[in-house]
Amino acid sequence: MGAAHSASEEVRELVGKTGFSSDQIEQLHRRFKQLSGDQPTIRKENFNNVPDLELNPIRSKIIRAFFDNRNLRKGSSGLADEINFEDFLTIMSYFRPIDTTMDEEQVQLCRKEKLRFLFHMYDSDSDGRITLEEYRNVVEELLSGNPHIEKESARSIADGAMMEAASVCVGQMEPDQVYEGITFDDFLKIWQGIDIETKMHVRFLNMETIALCH
C-alpha cells in the first residue's frame with residue numbers, strides 16, 4: 001500500500017512538473033524502459049537501435065539534445081552522460097502540443113520554450129549564438145541524403161539563409177559590417193508567424209500526440 005501510494009504521489013508530481021497526463025507518463029515510462037533496456041538511466045548508445053532515427057540526417061543533433069544540460073534545465077552548458085526518467089520527461093515536455101485552454105501569454109511562453117530547445121540544437125558550442133559555421137553544419141547534415149546537392153551547394157544555401165537572417169534581424173548592413181550570428185532574440189524574430197508544431201515528429205516514441213520541431 002505504501003509503495004503504491006508513493007508511486008502515485010510521484011506520478012502526480014511529474015504531472016505538475018511536465019504537464020503530461022498520468023496516462024501519457026505511463027506510456028512514456030514504458031518507452032523509456034524499452035530504450036534503456038529496463039535500466040534506471042538512458043545513455044546515448046541506447047538510441048542506436050531506434051529505426052526512425054537511423055536514417056534521420058540530423059540524428060546526432062536530436063540525440064545530443066536529449067543530453068544537453070540547457071534542455072534538462074540544469075542551468076549549465078555541457079552534456080550529461082546519462083538521463084533518468086524525470087530528465088526524459090523534461091525533454092519531452094518541450095514537445096507537448098499547445099493546450100487549447102491556454103491563454104495568449106501561456107501560448108507564447110510555451111512557444112518560446114519550444115524555440116529555445118530548437119535554438120540549442122543549432123547552437124552546438126553553447127555560446128548563445130548560431131554562427132555561420134554552425135548553420136552550415138546543420139544545412140549540410142539536412143541535405144546529406146540528397147545525392148543531387150553537393151557540399152558547396154549546401155554551403156551556398158546556408159550562406160544565403162544567414163544573409164536573410166541578418167536582413168531580418170539587423171536590417172541594412174554596412175559594407176564592412178559583419179553579422180556575428182543569430183542570437184535567441186534573432187531566432188524568435190525569424191520564426192515569428194511560423195507554425196513550429198507541424199515541423200517534425202518524434203515517431204520513435206510511438207506517441208502521435210507529441211511533436212518535435214526542426
For the residue pair [X] and [Y], confirm or rule out a side-chain donor-acceptor distance under 3.5 Å.
{"X": "Asn48", "Y": "Arg43", "value": "no"}
{"X": "Gln27", "Y": "Arg30", "value": "no"}
{"X": "His120", "Y": "Asp68", "value": "no"}

Would you say the side chain of [Y] lies within less than 4.5 Å of the side chain of [X], judging by non-hydrogen atoms?
{"X": "Asp159", "Y": "Met163", "result": "no"}
{"X": "Phe67", "Y": "Ile83", "result": "yes"}
{"X": "Glu105", "Y": "Gln108", "result": "no"}
{"X": "Thr18", "Y": "Gln24", "result": "no"}
{"X": "Arg116", "Y": "Asn71", "result": "no"}
{"X": "Met121", "Y": "Ile58", "result": "yes"}
{"X": "Phe32", "Y": "Asn46", "result": "no"}

Considering only NZ, NE, NH1 and NH2 on the basic side and carboxylate oxygens on the acidic side, decide whether Asp127 and Arg129 come within less than 4.0 Å.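 Answer for the salt bridge query: no.
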
Report the distance from atom [atom1] of [X] to atom [atom2] of [Y], rounding to the nearest 0.5 Å.
{"X": "Leu79", "Y": "Arg70", "atom1": "CG", "atom2": "CZ", "value": "8.5 Å"}
{"X": "Leu143", "Y": "Ile149", "atom1": "CG", "atom2": "CD1", "value": "4.5 Å"}
{"X": "Glu10", "Y": "Glu13", "atom1": "CD", "atom2": "CD", "value": "7.0 Å"}
{"X": "Arg31", "Y": "Phe88", "atom1": "CZ", "atom2": "CZ", "value": "7.5 Å"}
{"X": "Leu118", "Y": "Tyr94", "atom1": "CG", "atom2": "OH", "value": "12.5 Å"}
{"X": "Glu26", "Y": "Phe20", "atom1": "CD", "atom2": "CZ", "value": "13.5 Å"}

Check side-chain hydrogen bond (donor to acceptor under 3.5 Å, both in side chains) between Thr183 and all other residues, then give those that pass, not counting sequence neighbours.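 In terms of side-chain hydrogen bond (donor to acceptor under 3.5 Å, both in side chains), with neighbours along the sequence ignored, Thr183 is linked to Asp186.
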
Contact summary for [X] and [Y], nearest pair of heavy atoms:
{"X": "Ala161", "Y": "Tyr135", "answer": "CB-CE2, 3.4 Å"}
{"X": "Ser60", "Y": "Glu141", "answer": "OG-OE1, 4.1 Å"}
{"X": "Phe119", "Y": "Gly128", "answer": "CZ-O, 3.5 Å"}
{"X": "Met162", "Y": "Ile130", "answer": "CE-O, 3.7 Å"}
{"X": "Ile182", "Y": "Ala165", "answer": "CD1-CB, 4.0 Å"}
{"X": "Val15", "Y": "Ser21", "answer": "CG2-C, 4.1 Å"}

Can a donor-acceptor pair be found, under 3.5 Å and without considering hydrogens, that links the side chain of Asp103 to the backbone of Gln106?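 Checking the backbone N and O of Gln106 against the side chain of Asp103, a donor-acceptor pair under 3.5 Å is found.
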
Could you tell me whether the side chain of Glu134 and the main chain of Asp125 form a donor-acceptor pair under 3.5 Å? yes

Just say parallel, tilted or perpendicular for the rings of Phe47 and Phe66, cut-offs at 30° and 60°. tilted

Would Glu113 and Arg73 count as a side chain to side chain contact (heavy atoms under 4.5 Å, CB included) if you check the C-alpha gap in whole Å, the side-chain angles of each, and the deciding distance to 0.1 Å? CA-CA 11 Å; Glu113 286 303 299; Arg73 299 171 186 167; 4.1 Å; yes

Can you confirm whether more than 12 heavy atoms, excluding those of Glu164, are under 6.0 Å from its CD atom?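 Not buried by this count: 12 neighbours or fewer within 6.0 Å.
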
Going through the distances and angles, do Lys112 and Phe184 end up as a side chain to side chain contact (heavy atoms under 4.5 Å, CB included)? CA-CA 10 Å; Lys112 189 173 182 178; Phe184 183 59; 3.7 Å; yes

Sort and list the pairs that fulfil salt bridge (charged side-chain N to carboxylate O under 4.0 Å, His left out) and have at least one residue in residues 83-95, not counting sequence neighbours.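 For residues 83-95, and leaving out neighbouring residues, the salt bridge (charged side-chain N to carboxylate O under 4.0 Å, His left out) pairs sorted by first residue read Lys17-Glu86, Lys74-Asp87.
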
Salt bridge (charged side-chain N to carboxylate O under 4.0 Å, His left out) against Arg155, all qualifying residues, sequence neighbours excluded: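 Checked Arg155 against salt bridge (charged side-chain N to carboxylate O under 4.0 Å, His left out); matches are Glu133, Glu140.
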
